[in-house]
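Note sheet for the following structure.
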Amino acid sequence: MKRIGFFRNDDRTGCDGMKKNNRILAWFTMVLLAFAIPYVGTRLFVRYRDVSDARIAALSSSRDVCILQNGNYRLIDCEEYILYVLAGIYDPSWNVEMAKTMAVLTRTAIYYEMNDQADTANGGGKIINEGDLKEIRIEKDELKQKWGKEYKQNMEMVYQAVKDTMGQVIVYDGRLIIPVSHAVSIGVTVSAEELYGTAIPYLVSVDSSQDIQSPDFSSTKIYSALRIKKEFGMNGEGEAFDGSENLGQTDVDVEKNESATTGSAQSEEQVVDAGALTVLEATKSGFVRKVNVFGTVVTGETFAQTLSLGTTNFHIDQVEEGYRIISIGKGSSLGMSMYGAGWKADQGSTYREIITYYYPETSIADGAAY
């Protein structure tokens, strides 16, 4: 009787057939190992080797940052500074293309700030004090504490992203761009013209509908009227408390009713209504410019900051418990969406493709020329 097996038996029987099958299986195993061993070895090497000072020193540019470290001032190369800035914002969920994207954005922002302050005192934009930069450098010891056993693996990813993009910046029409970004868009990015009234060719609206999948896409908060009044330093009648700076009014940019603009989205009667909490003015995409807070007009930015909304794209509904505030997106929705960029990287887009998608008509160039 013929035996039934994975391999067709033909006229081979007994041990001869089994030997043939074993040889084939051994061949398959050898092929698999040939591919698997280099891959596993590379992953282990990347995971456990350290980013040494010598490797960091190999990162070089024509610019320096003056830092204060252990009580002493010293110059470090701009690429080293970028390394520790990027490490501070690095998310382990990023793949290599997303890390490269952020390296180029970080470098562009720093070069832009250096050029903006360029004069003879700072070498014509070639040297800058760390305190004059917005980007925050994180010390190695802090990173080790933050990442623990994942320090070497994460630092290697950050190092490779900086090394592989060394010197690269984003330019438009021969000039460095302002690389604005945000966490999560409203499903599309918005233009600088809509938000600020000034058209910037590379800061225009592009689709980022994948952002809807983000857990940070929307947020709902419910406040009582009294809670909101207290947050804005008001008493129960809507009047300001004496010494209300401890309730958040110190940094609140308020306007009185009479200064409300004719661009208000509500009628004049609603503007002066001391019993109302309403949006007065917003852009076409829903970014709020002015809010009537029980008789006091504040900017949308002030309202969002005071209530920790994370965005000025919100709307307000009156409900039984008080007021429901629903916010959409996280950040300004201007420029590159971090969530959208990460999604594109996961789908196979390169850092160049991601950057030129979110900043149309731009290109990546050698920063030495800028």
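T101 has its side chain within reach of M336: a pair of non-hydrogen atoms, C-beta onward, lies under 4.5 Å apart. With a 4.5 Å cut-off on side-chain heavy atoms, S214 and K330 do not count as touching. By the 4.5 Å heavy-atom criterion applied to side chains, L75 and C66 are counted as neighbours. The closest side-chain heavy-atom distance from K146 to K144 is not below 4.5 Å. When side chains are defined from C-beta on, Q69 does not count as touching I76, because their heavy atoms never get closer than 4.5 Å. A 4.5 Å side-chain heavy-atom check between V85 and I136 finds every atom pair outside the cut-off.
E321 places no side-chain N or O within 3.5 Å of a backbone atom of I222 that could act as its donor or acceptor partner. In terms of modelled atom types and a separation under 3.5 Å, the side chain of D91 and the main chain of S93 share a donor-acceptor contact. Remark: side-chain polar atoms of K344 are not paired, donor with acceptor, to backbone N or O of E353 under 3.5 angstrom. Checked by atom type and distance alone, the side chain of R63 never pairs as donor or acceptor with a backbone atom of M114 at under 3.5 Å. With hydrogens and angles disregarded, no donor-acceptor distance shorter than 3.5 Å links the side chain of S349 to the backbone of I354. Side chain of N70 to backbone of N72: no donor-acceptor contact under 3.5 angstrom is found. The backbone N or O of L334 lies less than 3.5 Å from a partner atom in the side chain of H182, making a donor-acceptor pair.
Under a 4.5 Å side-chain heavy-atom criterion applied to ILVMFWY residues, the cluster that includes L68 comprises Y73 as well.
Under the rule for a ring-ring contact (aromatic ring centres under 6.0 Å, His included), the partners of Y202 that lie at least two apart in sequence or sit in another chain are Y172. Residues satisfying the ring-ring contact (aromatic ring centres under 6.0 Å, His included) criterion with Y323, sequence neighbours excluded, are F294. Qualifying ring-ring contact (aromatic ring centres under 6.0 Å, His included) partners for Y111, counting only residues two or more places apart in sequence or in other chains: none.
Using a 3.5 Å distance cut-off with no hydrogens or angles, the side chains of E79 and S61 do not pair a donor with an acceptor. In summary, the side chains of N313 and T311 do not present any donor paired with an acceptor at a separation below 3.5 Å, with no hydrogens or angles considered. Y358 and S208 form a side-chain donor-acceptor contact under 3.5 Å, judged by distance and modelled atom types alone. At a cut-off of 3.5 Å, with distance as the only test, no side-chain donor of S60 or D77 sits close to an acceptor on the other residue. E113 and Q117 share no donor-acceptor pair across their side chains, judged by distance under 3.5 Å alone.
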Apply side chain to side chain contact (heavy atoms under 4.5 Å, CB included) to K140 and M155, showing your working.
CA-CA 10 Å; K140 183 184 294 187; M155 200 62 185; over 6 Å; no
Check against side chain to side chain contact (heavy atoms under 4.5 Å, CB included), I186 and D211
CA-CA 7 Å; I186 60 171; D211 290 25; over 6 Å; no
Sequence neighbours left out, cut at 3.5 Å: what donor-acceptor pairs do the side chains of residues 362-370 make with other protein atoms?
residue: T362; atom: OG1; partner: Y359; partner atom: O; Å: 2.6
residue: D366; atom: OD1; partner: A368; partner atom: N; Å: 3.0

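Using a 4.0 Å cut-off between charged side-chain N and carboxylate O, R227 and E231 make a salt bridge.
No more than 12 heavy-atom neighbours from other residues, nucleotides or ligands sit within 6.0 angstrom of CD on Q145.
A ring-ring contact (aromatic ring centres under 6.0 Å, His included) check over residues 324-351, counting only residues at least two apart or in different chains, returns nothing.
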